[in-house]
Amino acid sequence: MISEQLTEIYQLLIERFGGQDWWPGQSRIEIIVGAILTQNTNWTNVEKAIANLKSADLLDAEKLHHLDSEKMAALIRPAGYYNIKTKRLKNFLIWLFEKYDGQLSSLENLSTACLREELLAINGIGKETADSILLYAFEREVFVVDTYTARIAIRHGLINSEADYEQLSELFQSNLQQDAKLFNEFHALLVQVGKNFCKPKPNCSDCPLNDLPHNLNVEQF
DNA sequence: GACCAGGCACATC
DNA sequence: GATGTGCATGGT
């Protein structure tokens, strides 16, 4: 039932937008840095911050770990919340170096559940950030839920408006084929819909999901 | 100038 | 346990 609806949504989106080829970052560390910097922030601002780190040749776990916090804050300034994000990046790096000798490849050996638990224990890494890292940096079969995902699922009546993160994640994860590549594309496509149409004040004209049932009489968020 | 953006932690009730 | 608030830049 739900799985058919999800399949229909996926088909509509892939036809309209094509493959998204996410995450928009080449290396693991770039994906992780991006995942933290994009918290409640427009991606174009994150790109500026990442470009600054690249220009300074600092997009490297070891270099970032040893980088002075004030310098890091200055470089990531365009991404907003730069002081808190500096702490969050440092928290991740401290964990990585103290527990895994700075080796991201060491994390490959952990089970998905174990790695998720460890990431969530880091101050500044919440569910979405942890799941983005799991899916996009480590290709684990985890469905990422963000504001757009919630908004689209609720407005189209796939789930009740009170649903929390775990329920939303479960909605997709248990009704789709367990395939990291599919989860990757699907989430990226939902972000496209969110950015272009499913905003707090929805702009439904020309939305590829127009033909689906929907209920916009829910509180805007 | 208002609104929005690929959250999260913490304080307070 | 639910609700409110701070964090901040930059595009539309």
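Each chain gets a letter, A, B and so on, in the order its sequence line appears, and its residues count up from 1.
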**Asked** Does OP1 or OP2 of C:dA8 have a side-chain N or O of A:Thr41 closer than 4.0 Å?
**Response** no
**Message:** Of the listed nucleotides (C:dT9, C:dG11, B:dG7), which one gets closest to any side-chain atom of A:Asn40?
**Reply:** B:dG7
**Donor on one side chain, acceptor on other, A:Glu141 and A:Thr112, under 3.5 Å** = no
**Asked** Does A:Arg151 make a side-chain N or O approach to OP1 or OP2 of B:dC4 shorter than 4.0 Å?
**Response** no
**Item:** Spacing between A:Asn45 atom CG and B:dG7 atom P, to the nearest angstrom
**Value:** 13 Å
**Message:** Is the phosphate of C:dA8 approached by A:Lys85 (side-chain N or O, under 4.0 Å from OP1 or OP2)?
**Reply:** no
**Asked** If you find the nucleotide of DNA chain C closest to A:Ile84 and the one closest to A:Thr44, which residue's nucleotide is nearer the 5' end?
**Response** A:Ile84
**Asked** At under 4.0 Å, does any side-chain N or O of A:Tyr82 touch on OP1 or OP2 of C:dT9?
**Response** yes
**Residue pair A:Lys87 / A:Ser69, side-chain donor-acceptor N/O under 3.5 Å** = no
**Prompt:** Salt bridge between A:Glu108 and A:Arg140, side-chain N to carboxylate O under 4.0 Å?
**Reply:** no
**Message:** Tell me whether the side-chain N/O atoms of A:Asn42 come closer than 4.0 Å to OP1 or OP2 in C:dT9.
**Reply:** no
**Asked** Are A:Tyr10 and A:Gln5 linked by a side-chain donor-acceptor pair shorter than 3.5 Å?
**Response** no
**Message:** Just to be sure I understand the geometry, which residues of residues 172-182 of chain A put a non-hydrogen atom under 4.0 Å away from DNA chain B?
**Reply:** none
**Asked** Is there a donor in the side chain of A:Asn203 and an acceptor in the side chain of A:Ser205, or the other way round, less than 3.5 Å apart?
**Response** yes
**Asked** When the distance from CG of A:Asn83 to C1' of C:dC7 is rounded to whole Å, what number comes out?
**Response** 9 Å
**Prompt:** What is the per-nucleotide protein-contact pattern of nucleotides 8-13 of chain B, from the 5' end, where B denotes a base atom under 4.0 Å from a protein heavy atom, S denotes such proximity for sugar-phosphate atoms only, and - denotes neither?
**Reply:** BSS---
**Asked** Hey, does A:Asn52 have a side-chain heavy atom less than 4.5 Å from the side chain of A:Leu58?
**Response** no
**Asked** Is A:Glu166 paired with A:Lys127 through a side-chain N to carboxylate O contact shorter than 4.0 Å?
**Response** yes
**Message:** Please classify the nucleic acid contact of A:Asp146 as base, sugar-phosphate, or nothing, using heavy-atom distances under 4.0 Å.
**Reply:** sugar-phosphate
**Message:** Nearest to the A:Lys201 side chain among B:dC4, B:dG7, C:dG10, which nucleotide is it?
**Reply:** B:dC4
**Request:** Please work out which of the three classes, parallel, tilted or perpendicular, describes the rings of A:His65 and A:Phe97, given edges at 30° and 60°.
**Result:** parallel
**Prompt:** Below 4.0 angstrom, N of the basic side chain to O of the carboxylate: do A:Arg16 and A:Asp206 qualify?
**Reply:** yes
**Asked** Using the P atom in both, what is the distance from C:dA8 to B:dC10, to the nearest Å?
**Response** 15 Å
